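Down below is the structure, laid out as structure tokens.
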Protein chains: 2
Amino acid sequence: MSLSLNALRAFAVTADTGSVTRAAEILHRTPSAVSMTLKQLEAEIGPPLFEGERKGTLTPTGHAVLAEARAALDRFDRAEAAIRAHAAGAAGRLVLSATPSATTHLLPEALVAFRARFPDVEIDLHDADSARVAEELLAGTVELGIASAPTTAQGLAFQPLYRDALGLVCRADDPLAAMTGPIGWAHLTGRTVMAHALSPSTPLPSAGGATSHGDEGAVTARTVTAALALVRAGLGVTILPRLTVPGADGDLAFVEMDGASAPPRTVGLLTRKGESLSAPARMFLETLGPCLDRLAGRLGGTFERL
Amino acid sequence: MSLSLNALRAFAVTADTGSVTRAAEILHRTPSAVSMTLKQLEAEIGPPLFEGERKGTLTPTGHAVLAEARAALDRFDRAEAAIRAHAAGAAGRLVLSATPSATTHLLPEALVAFRARFPDVEIDLHDADSARVAEELLAGTVELGIASAPTTAQGLAFQPLYRDALGLVCRADDPLAAMTGPIGWAHLTGRTVMAHALSPSTPLPSAGGATSHGDEGAVTARTVTAALALVRAGLGVTILPRLTVPGADGDLAFVEMDGASAPPRTVGLLTRKGESLSAPARMFLETLGPCLDRLAGRLGGTFERL
DNA sequence: ATGAAATTTCAGAAAATCTGAATATTCTGT
DNA sequence: ACAGAATATTCAGATTTTCTGAAATTTCAT
């Protein structure tokens, strides 16, 4: 036949305790069960494993078998632990790709929460624009993507997470800051609307937009930070997703724009279609939900949880 | 419950072959048995292991489990192989201590034969006089000893292997060389009988012996080789065990002495009493028997196998 | 859509393992 | 050396686990 793990375990415990009785207690068996298992093991191996009738001392063969048994049992136990940890999402890797806005505003909180629950999961976060998120997903480099809805969703599944309305960012002392309802392009006539290269997914109406706009495009900032600095300096206003604008900032104001003027972008979760997720990824999504709820609560109306 | 090796093996083989049917063939089971085992494993682990219904592709969890399962199975299989090898005497160490005469005349042949059968067993041979052989055995340094019967056999078991008669070594042109039957001290009157320090177990009758001897003790050689050289040079004769004297040597002759004059020493196997032997040691003893028979056949009457 | 192949389900059969009582052995203290 | 205590083994029956074979289901390819 073949050796069984059970038999090796019974042997190892008996050798350790030096007694069938105590081994039986540890293994939650009766002494007779352990005795029979041991007998069977010796029959399988050939030479005796214990020196006398009492199980106090091992034969040389017994020592050799014990060493091997220990190694095999140890490896098996660690494998079982690792398997359970993996299955529970408590081990492994979480590899995801996200757009800067998500990376900056959603993920920090989400990842902190995740890490608190699963400290042993490696986290690998890629920063990329929406197009690259899709690419990485299709290439298999990452397992999860967070980005706005992809134009070509071949092979990818998109699950909306939230709608991030675009809005006008202006100085707090700007007359526009006083407006409550959504504003449109009409309100911006004659204003300098700065373009910025945040991401291609932010639909700046600079090209092919209505001709009644202000002179948007005349000033272009490379980064969001730069654009905000210029707004603060009074150079003009700019249009950004709500999430991108720091929440508590006395100098700046955020005014929601109507959907026609600035269609809100939908940010969501990208996954490969028809492939199941790793346990860590599943657990991450579990922690992501409450996280979005909290965010919605903090940001109010302009942030719409989906 | 707990994971079973069987389940992991069924899973690994199924994942490897990508088919329950083929896995069942390899495992010598019916497909239904494998299917049930897999189902049970998935129930135990939680998340599914295979992507679709067909077993072609693994889920991320499946990949993690497969890696762990492989590691555990591999370790177990190697442990089983090692255990069987140990039990068969084909692995491990053979540590023995032997007196120079055994080391020189018996062990080379025995160890060559043993090594041919068990090339993977490490051999550690200690050279020591009879007293030290016993010491090493008691200290646990060695497992087997080959020496003459110990004076104090406390804790040691002695099993006679052969009787090595003492005999007179003289020049081939010595008148004594012509004698056929066993000779006694009477024949040596007036001769120079050289003492030598071969080993304390060689009973030289220099102290407390009969007074009718020759002037033995007047010349003492440190080694057997030296003693033989002196005999060859005509300085005198000496007394040695048969085994110690090179067999084919035209210059020297060996004449057996009667038991009363020179009691033959009994060389045997020393082991610790009440302790079983390692499998390699057992196998060595098995090869030792035939080896002694061959030696007896070659040396003839003066070498008595016991 | 249809047939072939693969997988799963199910009930009963077979095998392995366990228990509890009786028995045998070894150890310990006198 | 002996009796008693502790430990280990044996055995038969019970329990659990695992296997098989037939039937049903699903999937894949034509």
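Because the structure is a prediction, the values reported are computed rather than measured. Every chain is numbered from 1, with letters handed out A, B, ... down the list of sequences.
In summary, of the residues considered (A:Glu143, A:His86, A:Arg93), a side chain to side chain donor-acceptor pair (under 3.5 Å) with A:Ser278 occurs for A:Glu143 alone.
Regarding A:Glu25, its CD atom lies at a distance of 11 Å from the P atom of D:dA8, rounded to whole Å. Across the protein-nucleic acid pair, A:Glu42 atom CD and D:dA8 atom P stand 13 Å apart, rounded to whole Å. Residue A:Lys39 contributes atom NZ, which lies 21 Å from atom P of D:dT7 at whole-angstrom precision. In this structure, A:Leu41 atom CG and C:dT17 atom C1' are separated by 15 Å, rounded to whole Å. In this structure, CG of A:Leu38 is placed 11 Å from P of D:dT10, rounded to the nearest angstrom.
Between A:Lys55 and D:dA6 there is no side-chain N or O to OP1 or OP2 distance below 4.0 Å. Note on A:Thr21: every side-chain N or O is 4.0 Å or more away from OP1 and OP2 of D:dA6.
Taking the side chain of B:Val20 as heavy atoms from C-beta on, and the options D:dT9, D:dT10, C:dT7, the nearest nucleotide is C:dT7.
Closest heavy-atom contact between A:Leu270 and A:Ala147: CD1-CB, 4.2 Å. Listed here is the closest heavy atom pair of A:Phe50 and A:Glu42: N-OE2, 3.5 Å.
With no hydrogens or angles considered, a side-chain donor-acceptor pair links A:Ser130 and A:Ser148 at under 3.5 Å. Side-chain contact, B:Glu51 with B:Thr59: no donor N or O sits under 3.5 Å from an acceptor N or O.
With respect to the salt-bridge test (charged N to carboxylate O, under 4.0 angstrom), the residues B:Glu44 and A:Arg84 qualify. Between B:Arg115 and B:Asp120 there is no salt bridge, since no side-chain N of the basic residue sits under 4.0 Å from a carboxylate O of the acidic one. We find that B:Asp77 and B:Arg9 are joined by a salt bridge, their nearest charged nitrogen and carboxylate oxygen being less than 4.0 Å apart. Under a 4.0 Å N-O distance rule, the pair B:Asp16/B:Arg70 qualifies as a salt bridge.
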With sugar-phosphate taken as primed atoms, P, OP1 and OP2 and all else as base, the protein-contact string of nucleotides 13-22 of chain D at under 4.0 Å (heavy atoms; B, S, -) is -----SBBB-
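In the helix from C:dA1-D:dT30 to C:dT30-D:dA1, the end axes, each obtained as the rotation axis mapping the C1' atoms of four pairs onto the next four within a five-pair block, lie 40° apart to the nearest 10 degrees.
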